Number of protein chains: 2
Amino acid sequence: MPKAKRMTKQKQTILEILRSTTCHPTADWIYEQARKKLPDISLGTVYRNLNVLRDEGEIMELNYGSTFSRFDGNPRNHYHFVCESCGQVYDVDYPVQNQLEKVIEEKTGARVQYHRLEFYGICSACLENKDGQPS
Amino acid sequence: MPKAKRMTKQKQTILEILRSTTCHPTADWIYEQARKKLPDISLGTVYRNLNVLRDEGEIMELNYGSTFSRFDGNPRNHYHFVCESCGQVYDVDYPVQNQLEKVIEEKTGARVQYHRLEFYGICSACLENKDGQPS
DNA sequence: GTAATTGCAAATAATTTGCTGGGTG
DNA sequence: CACCCAGCAAATTATTTGCAATTAC
């Protein structure tokens, strides 16, 4: 069975900060806010709890599933599938929904320059491996 | 006027590598490939040229527009708008297209667990600032 | 009580930058 | 032949981790 998780005041505080803001803060910003309530909290603890909360499904982390950038030789917009098992990024053959950008512009008053759509999951190659061998 | 960009054999090589692969490599992988043709190329040069090529619109960089993660207290899927001027991330009020995931699963044979859709551009607050004052 | 979690600081990992000499236009 | 750009290595930035002390359950 998976390890039992405890609710500490540090974890509780971090979750409250995230739940009570509509901005999408960085770890460092959360750290600054948390210090107002818990002056001795450390940045390492903030990072550790953010990872725990993400793994528990309480919060979302917004990145490309990894700490480093990937580059694409095709500069025209297209969509991607990211395999969470092997880390591969695949192109997805699905028509680009450019009309969406107009809709969002009208909704928000912003100027939309481009959009990105990524699907996350397990690619077919990894699915086959999982069924076949344990490793 | 903007600076003139030169075409060096390093830049040329990096672009060829990116154009001739369907994978979405990291800077480090590109560096390894480039060294096969130019053994003395440095990792710093790879990074510099990737940034130049991205700014020229020749390639795409896949990340969230910044080097650090952002966190979202709402774990339910929803879409985001990222302002390229001020860096703010906003929630977008647009219905989540869950049926897309099925479509992609059938197309690719992968298991799709979730998807993300982000719009990039200039937010309304920054648009107003730009029109008003130069800074 | 005891094992998970903290604070601290040092370690990693990814990317950027300063400097000087070399190559492009 | 001027100036941009490469190589090298050191600097930055974001994040993770080892360890001894602390705390939640």
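Note that this is a predicted model, so its numbers are computed, not measured. Reminder, nothing fancy here: chain letters follow the sequence lines and each chain counts from 1. What's counted below: heavy atoms across the whole structure, side chains too, no hydrogens, waters or symmetry copies.
When all heavy atoms of B:Cys123 and A:Ala110 are compared, the pair lying nearest together is CA-CB, 3.8 Å. Residue A:His24 comes nearest to B:Arg70 through the heavy atom pair O-NH1, 2.5 Å, listed as atom of the first residue, atom of the second, then distance.
Side-chain atoms of A:Arg6 stay outside donor-acceptor range of the base of C:dT5, with no qualifying N/O pair under 3.5 Å.
Counted by atom type alone, B:Tyr114 and A:Glu84 present one or more donor-acceptor pairs between their side chains at under 3.5 Å. Side-chain contact of B:Asn51 with B:Arg54: a donor-acceptor pair under 3.5 Å is present, judged by distance alone. Side-chain N/O atoms of B:His80 and B:Tyr120 include no donor and acceptor closer than 3.5 Å.
Within the 4.0 Å cut-off from OP1 or OP2 of C:dG7, at least one side-chain nitrogen or oxygen of A:Gln10 is found.
The CG-P distance, from A:Leu38 to D:dT22, rounds to 17 Å in whole Å. The nearest whole Å value for the distance from the CG atom in A:Leu50 to the P atom in C:dT6 is 11 Å. When the P atom of C:dT6 is taken as reference, atom OH of A:Tyr31 falls 14 Å away, rounded to whole Å. Protein atom CD of B:Gln12 is 16 Å distant from nucleotide atom C1' of C:dG23, rounded to whole Å. Rounded to an integer number of Å, the gap from B:Ile14 CD1 to D:dA6 P is 8 Å. Across the protein-nucleic acid pair, A:Met7 atom CE and C:dT5 atom C1' stand 13 Å apart, rounded to whole Å. To the nearest angstrom, C1' of C:dT16 lies 10 Å from CG of B:Leu43. One interatomic measurement links the two molecules: CG of B:Leu62 to C1' of C:dA14, which rounds to 16 Å at whole-angstrom precision.
Ion pairing between B:Arg19 and B:Glu16 fails under the 4.0 Å rule for side-chain N and carboxylate O. For the pair B:Glu58 and B:Lys11, the salt-bridge criterion is not met [side-chain N within less than 4.0 Å of a carboxylate O].
Nearest-nucleotide positions on DNA chain C for A:Thr8 and B:Arg54 put A:Thr8 closer to the 5' end. Two residues, A:Ser69 and A:Val46, neighbour DNA chain C, and the one matched to the more 5' nucleotide by heavy-atom proximity is A:Val46.
Side-chain atoms of B:Asn49 lie closest to D:dA6 of the nucleotides D:dA6, C:dT6, C:dA14.
B:Asp28 comes within 4.0 angstrom of nothing in the nucleic acid, heavy atoms only. Residue-level contact check: A:Thr26 touches neither bases nor backbone, having no heavy atom under 4.0 Å from any strand.
Here the side chain of A:Glu105 pairs a donor or acceptor atom with the backbone of A:Val112 at under 3.5 angstrom.
The side-chain contact (heavy atoms from CB on, under 4.5 Å) test with A:Ile30 singles out one residue from A:Thr13, A:Asn49, A:Val46, and that residue is A:Val46. Residue B:Tyr79 forms a side chain to side chain donor-acceptor pair (under 3.5 Å) with just one option from B:His115, B:Arg116, B:Gln97, and that option is B:His115.
Axis orientation changes by 50° from one end of the helix from C:dG1-D:dC25 to C:dG25-D:dC1 to the other, with each end axis drawn from 5 pairs and the value rounded to 10°.
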Would you tabulate the pairs of protein nitrogen or oxygen atoms and nucleotide nitrogen or oxygen atoms of nucleotides 17-20 of chain D closer than 3.5 angstrom?
from   : atom 1 : to      : atom 2 : distance (Å)
D:dG18 : O6     : A:Arg48 : NH1    : 3.4

